[in-house]
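Working notes for the structure below.
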Amino acid sequence: MKFDTLQQGISFYENYARVSGFDTRLYSTKKRKSDGKISLKYCVCNKEGFRETPRLHADCKKKRPITRMGCKARITLKLINDQDNYVIFSFHEGHTHPLTTPNSPTTKQSRNLTLAHKKYIMDNSRANIGATKSYRLMKEHVGGYQNMAASVTDFKNFQRDIRKHIRGKDAQMLIENFKRKQEMCSSFFFKYEVDDKQHLIRVFWADAIGRKSYASFGDVVSFDTTFSMNEYCMVFAPFTGVDNSKSCVTFAAALLYREDTESFVWLFEAFRDAMSACDPTCLITDQDPAMKIAIERVFDSSRTRHRLCMWHIMKKVPEKVGPTLAQNEDFMSEFCNCVWSKHTEPEEFDELWNSILEKYDLMNNTWLQHMFQIRQDWIPSYYRNMPMSGVMRTTSRSESENNFFGHFTTPHVTLLNFG
């Protein structure tokens, strides 16, 4: 058999190997001294020869599998002297190992990551589904591993290459994606800011559904931040509310590089711009001092009331009162009934609070004194006349939303997952 070029001969043997069920690799080469052209080219089975036994080091945790079995299968391509063509000079057919199923994805020649595979991997990565799980799901779609045209290693390598390609560019790609969304829908709102080195330090966005939901259910807003949502350690901050069926609804979201007063002021101003300067009647947060200062600067206190999360406060009670009272069931029961009851009048609450502190000798507790001074910011008795105050007394709605978003993000995802 004659081939016009050396590559044609190599491709012929690779196609033969793919149909037969084994892999090939290029072996040694001989060149003519007169002109340097390749006179002999050896193509062998990938299991040809024996690999030298490596020395195992103390820190070696993974043992390399044995892939060489001394297989003799090979083909030799020879250059015709008076022509530039190649012919098969020798051919050894026998193998020393079992062959795989023809066109099996376990052979390199048969492995081909199609456009459908790549699209499937990228779509699954947005839902925080890794390459291995995507491979298993794809297997179910096509009816088995034997119908897969690629291996799990191909899936992993493609996902790795995609991350490598967008690393360092994902912030710009995120902004470009937001710009395209705004061109498609004028109701989509976003705002971002970069530092002196053109690094993205904060970004805020709200889609048309979130802005419409805020117009209907934005009386009380819960705001909380969460960590470990991306590889840049940027804080994820969603604005959460409750709809008419008492289900959580997300009005807007943001990514912040820092949790300082300046960042929160910028964020709350962006939120007011997105919601047409329509302030909520109540904004629930934890006891973050930077949030408190930012809310006082941005929102009008006559229209927006800042409420502290009761759950975060009550979580500190066992630590502040000491281990003895923390294990006293009578004290904890009386204290919780005093704090959580929304049917108690403010005057009744003051009397009940003081009686409990006096009964358990806590009148000199500095933390409890401070919490009593700011009782208007977290005790339900002082929110009885405010709509939705009974439904949302803590940032648990935000905690629930953060947990939901956590299913689709990891500390290793890029910013594109938020676009």
Side-chain angles (χ1 to χ4, degrees), residues 14 18 23-25 46 59-65 67 100-101 103-181 190 192 198-200 203 205 207 226-236 238 250 253-257 401-419:
E14 288 178 348
R18 175 174 52 82
D23 280 330
T24 65
R25 59 184 173 88
N46 71 325
D59 57 347
C60 182
K61 296 181 180 179
K62 188 175 181 180
K63 195 174 181 179
R64 190 174 182 181
T67 58
T100 61
T101 304
N103 298 317
S104 171
T106 58
T107 59
K108 294 181 180 178
Q109 287 84 358
S110 301
R111 284 156 55 181
N112 180 27
L113 205 60
T114 64
L115 183 61
H117 289 142
K118 297 177 181 178
K119 182 68 166 57
Y120 190 77
I121 295 171
M122 294 179 65
D123 290 343
N124 283 350
S125 65
R126 292 179 177 272
N128 198 23
I129 299 177
T132 302
K133 199 168 186 178
S134 296
Y135 183 78
R136 294 172 181 170
L137 292 173
M138 191 72 176
K139 179 262 298 184
E140 298 297 331
H141 290 312
V142 299
Y145 291 115
Q146 68 277 7
N147 298 324
M148 294 287 291
S151 68
V152 65
T153 303
D154 297 325
F155 274 55
K156 291 179 179 179
N157 291 342
F158 176 74
Q159 192 172 64
R160 176 204 62 197
D161 294 340
I162 288 294
R163 289 178 178 175
K164 183 178 180 180
H165 174 72
I166 66 177
R167 181 170 287 115
K169 308 173 186 176
D170 52 343
Q172 182 62 38
M173 296 171 72
L174 175 67
I175 299 303
E176 294 296 332
N177 188 23
F178 283 163
K179 289 180 179 179
R180 287 193 296 268
K181 288 185 177 182
F190 79 98
Y192 68 97
Q198 296 300 307
H199 294 161
L200 184 69
V203 58
W205 68 94
D207 59 12
T226 185
F227 301 89
S228 301
M229 301 289 274
N230 55 84
E231 65 177 11
Y232 302 103
C233 298
M234 295 186 74
V235 178
F236 182 63
T250 301
L255 288 170
L256 302 175
Y257 186 68
E401 286 293 271
N402 292 341
N403 180 66
F404 170 78
F405 289 121
H407 292 299
F408 306 98
T409 58
T410 66
H412 309 290
V413 302
T414 62
L415 299 183
L416 282 179
N417 287 63
F418 297 89

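Quick caveat, the model's predicted, so the values are computed rather than measured.
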Checklist entry - Yes or no on side chain to side chain contact (heavy atoms under 4.5 Å, CB included) for Y192 and L174, after CA distance, side-chain angles and deciding distance? => result CA-CA 11 Å; Y192 68 97; L174 175 67; over 6 Å; no
Next on the checklist: Tell me if the NZ atom of K139 is crowded by more than 12 foreign heavy atoms within 6.0 Å.
Outcome noted: yes
Checklist outcome for this item: Distance col, row N157:CG vs I162:CD1, nearest 0.5 angstrom, shows 12.0 Å
Checklist entry - Is R160 atom CZ crowded by more than 12 heavy atoms from other residues, nucleotides or ligands, each under 6.0 Å away? => result yes
Next on the checklist: Would K118 and I121 count as a side chain to side chain contact (heavy atoms under 4.5 Å, CB included) here? Give the steps.
Outcome noted: CA-CA 5 Å; K118 297 177 181 178; I121 295 171; 5.7 Å; no
Checklist entry - Does the separation of the ring centres of Y120 and H141 fall below 6.0 angstrom? => result yes
Next on the checklist: Tell me the closest heavy-atom pair linking T24 and E14, and the distance in Å.
Outcome noted: OG1-CG, 3.6 Å
Next on the checklist: Just verifying a value: how many Å separate N46 CG and R25 CZ, rounded to the nearest 0.5 Å?
Outcome noted: 7.0 Å
Item to check | Steps toward side chain to side chain contact (heavy atoms under 4.5 Å, CB included) verdict (L200, Y257) | outcome: CA-CA 8 Å; L200 184 69; Y257 186 68; over 6 Å; no
Next on the checklist: Using side-chain heavy atoms (C-beta onward) and a distance below 4.5 Å, is I175 in contact with F190?
Outcome noted: yes
Checklist entry - With under 30° as parallel and over 60° as perpendicular, where do the rings of Y135 and F155 fit, or are they tilted in between? => result perpendicular
Checklist entry - Atom CD1 in I129, atom CD in Q159: separation rounded to 0.5 Å? => result 10.5 Å
Checklist entry - CD/E176 to NZ/K169 distance, rounded to the nearest 0.5 angstrom? => result 13.5 Å
Checklist outcome for this item: Rounding to 0.5 Å, atoms NZ (K156) and OG (S134) come to a distance of 11.5 Å
Checklist entry - Would the number of heavy atoms belonging to other residues, nucleotides or ligands and lying under 6.0 Å from CZ of F158 be above 12? => result yes
